[in-house]
Protein chains: 2
Amino acid sequence: MRQQVPPGQPVPPGGEQQGHPVNLRERKKLRTRNALARAALELFTRQGFEQTTVDEISEAVEVSQRTFFRYFAGKEDVAFATQQLVETHFLEALLTRPADEPPMAALRGAVAAAWDGLAQAMAEMVPIELHMRAYQMIESTPVLLAVHLRRSAELEERMAREIARREGLDVDADPRPRLAVAAFSGAIRVTGRLWGEGPDHSLDALRTLTMAYLDRIGPALVEHWRKTD
Amino acid sequence: MRQQVPPGQPVPPGGEQQGHPVNLRERKKLRTRNALARAALELFTRQGFEQTTVDEISEAVEVSQRTFFRYFAGKEDVAFATQQLVETHFLEALLTRPADEPPMAALRGAVAAAWDGLAQAMAEMVPIELHMRAYQMIESTPVLLAVHLRRSAELEERMAREIARREGLDVDADPRPRLAVAAFSGAIRVTGRLWGEGPDHSLDALRTLTMAYLDRIGPALVEHWRKTD
DNA sequence: TGTCAGTTGTCAGTGACTGACACTAGCCTC
DNA sequence: GAGGCTAGTGTCAGTCACTGACAACTGACA
């Protein structure tokens, strides 16, 4: 079996992340992709990742196995379909933060902004509740956890670079961008877990919990690092 | 293909980590296992992980593919054969540190102690230089990097628990054990990378570099946390 | 409406793994 | 030292993840 995660993502169609296409072709593709993701997550969460075959997923959507692999680079890849959506939204939000915001404020602002609009985009793919169950599954499936950690590391790296760029620093020379991102990501992870364990599994609950935690990271990292300030 | 990483390690023979067996049976097994690991790492580093098949590895050692899978849970598993050895040595060393040592001193002492004896045990399996090249390969192969991150996370968790136990703390209630371990692991990782990039690839170079860095983590974490102190 | 490009299905093949079973070789006993 | 026991090994057949090639189809656009 192939099983390896694609290096730079063999970019199957739909890689352009829901750009609300106009023509029928594009809409059809998007529908197939979403249907595959939904079916996959449903099966994964119900019977387990390993216990689900790609054939099952394809059959559920009534496409050939070959088609599945044209939309997703691998079985692991579908499992992260919704994560991918979240990350994309967040990164986009981060890139459009006002230039004068201090690092942690920008990161915090980006999460906040990402929530808006995310819920809708996500719901088109899968019910939020399914996304949440998928997250738990990822955390408890060794193969997926491994991939998740790698993905997180990559995201953090991109965040750190963006923060460094904003502050006019060299990521490799100055440890602060990575430190800030590490602290931020740590908080996000903790709230994610707490939310999963807690009783209220609504998006709003996660949102307020996250914001509350981010506010506690402490003022040490909140200030500008630029000398010009 | 199966490709998933074994949850609790399906413990193939030889899982008892080189206990210098007495009888012929055991010695033969150990030799086969080491030969497989050596052949695998050699092939992986020469032609790449994905480009190497399990059949190639087995053929190089003149055993059947089935036998390979009786020694290692999967193709990924061999790639971590030497890492496994290092980790085992380190954890053992940590467990036998004097009870009155402060956390960071115990961790530091454990690395130091692990070096002794490790070189020999390792050389029985593969040349040190091969182990080193294998490390680079892991870092640059996405599938392996993912597994590596997961393994590291697991190791850190075990370290944190041990530190907490020593200090009489609850890992989940007090963040300090995990923080200390995170700082420690971070330093180890950094030195590992520096060593790989630097000119001197000797074990001694790594050892002195690591020690120097560990000494810089700062006195903030070095003190005892116990009130009784 | 016809052409063309993008999408899909079919087929065949590779490679990672696994279970079952038969065979062999050290180990232990008598 | 012969024989039996058992662990280790090879063979075989099967599953499942993936991939390339090619033929059939279907929207898009002139």
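Note: hydrogens, waters and symmetry copies are ignored here, and every other heavy atom, side chains too, is used. Chain naming here is simple, since letters A, B, ... match the order of the sequence lines and numbering starts at 1 in each.
Annotation: the terminal axes of the helix from C:dT1-D:dA30 to C:dC30-D:dG1 meet at 10°, where each axis is the rotation carrying the C1' atoms of four end pairs onto the next four (5 pairs per end, rounded to 10°).
A salt bridge links B:Glu157 with B:Arg161: the closest approach of a Lys/Arg side-chain nitrogen to an acidic carboxylate oxygen falls below 4.0 angstrom. Using a cutoff of 4.0 Å between basic side-chain nitrogens and carboxylate oxygens, A:Glu76 and A:Arg150 are not scored as salt-bridged.
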- Going 5' to 3' through nucleotides 20-30 of chain C, assign each nucleotide B (protein heavy atom under 4.0 Å from a base atom), S (under 4.0 Å only from sugar-phosphate atoms) or - (no protein heavy atom that close). B-----BS---
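Under the side-chain contact (heavy atoms from CB on, under 4.5 Å) criterion, A:Ser202 pairs with A:Asp200, A:Asp204, A:Ala205, not counting sequence neighbours. For A:Arg165, the side-chain contact (heavy atoms from CB on, under 4.5 Å) partners at least two apart in sequence or on another chain are A:Glu162. With sequence neighbours left out, A:Glu56 forms a side chain to side chain donor-acceptor pair (under 3.5 Å) with no residue at all. For A:Ile128, the side-chain contact (heavy atoms from CB on, under 4.5 Å) test picks out A:Met122, A:Leu203, with sequence neighbours left out. Partners of A:Ser64 under the side-chain contact (heavy atoms from CB on, under 4.5 Å) rule, at least two apart in sequence or in another chain, are A:Arg66, A:Thr67.
For D:dG8, one of the phosphate oxygens OP1 or OP2 lies less than 4.0 angstrom from a side-chain nitrogen or oxygen of B:Lys29. One finds no side-chain N or O of A:Tyr71 lying less than 4.0 angstrom from the OP1 or OP2 phosphate oxygen of C:dT7.
Counting to the nearest Å, the P atom of D:dT19 and the NZ atom of A:Lys75 are 14 Å from each other. Between B:Phe72 atom CZ and D:dT9 atom P the separation is 12 Å, expressed in whole Å. Rounded to whole angstrom, the span from the CZ atom of B:Arg31 across to the P atom of D:dT9 amounts to 11 Å. Protein atom CG of A:Asp55 is 7 Å distant from nucleotide atom P of D:dA17, rounded to whole Å. Rounded to whole Å, the distance from CZ on A:Arg33 to P on C:dT8 is 12 Å. Counting to the nearest Å, the C1' atom of C:dC17 and the CZ atom of B:Phe69 are 5 Å from each other. If you take CD1 of A:Ile57 and C1' of D:dC16, they are 12 Å apart, rounded to a whole angstrom. Between the C1' atom of C:dT8 and the CD atom of A:Glu59 lies a distance of 16 Å, rounded to the nearest Å.
Each of B:Phe68 and A:Phe68 was assigned the nucleotide of DNA chain D with the nearest heavy atom; the assignment lying further toward the 5' end belongs to B:Phe68.
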Under 3.5 Å, which donor-acceptor pairs link side chains of residues 39-47 of chain B to any protein atom two or more places apart or in another chain?
{"residue": "B:Thr45", "atom": "OG1", "partner": "B:Leu41", "partner atom": "O", "Å": "2.7"}
{"residue": "B:Thr45", "atom": "OG1", "partner": "B:Glu42", "partner atom": "O", "Å": "3.0"}
{"residue": "B:Thr45", "atom": "OG1", "partner": "B:Arg133", "partner atom": "NH1", "Å": "3.3"}

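The side chain of A:Thr53 lies closest to D:dC16, out of D:dG10, D:dC16, C:dA16.
Using a 4.0 Å heavy-atom cutoff across all strands shown, B:Ser58 reaches no nucleic acid atom at all. At a threshold of 4.0 angstrom between heavy atoms, the contacts of A:Ser64 include nucleobase atoms, whether or not backbone atoms are also involved.
Residues in residues 80-98 of chain B take part in these salt bridge (charged side-chain N to carboxylate O under 4.0 Å, His left out) pairs, two or more places apart or across chains: B:Glu87-B:Arg151, B:Arg97-B:Glu101.
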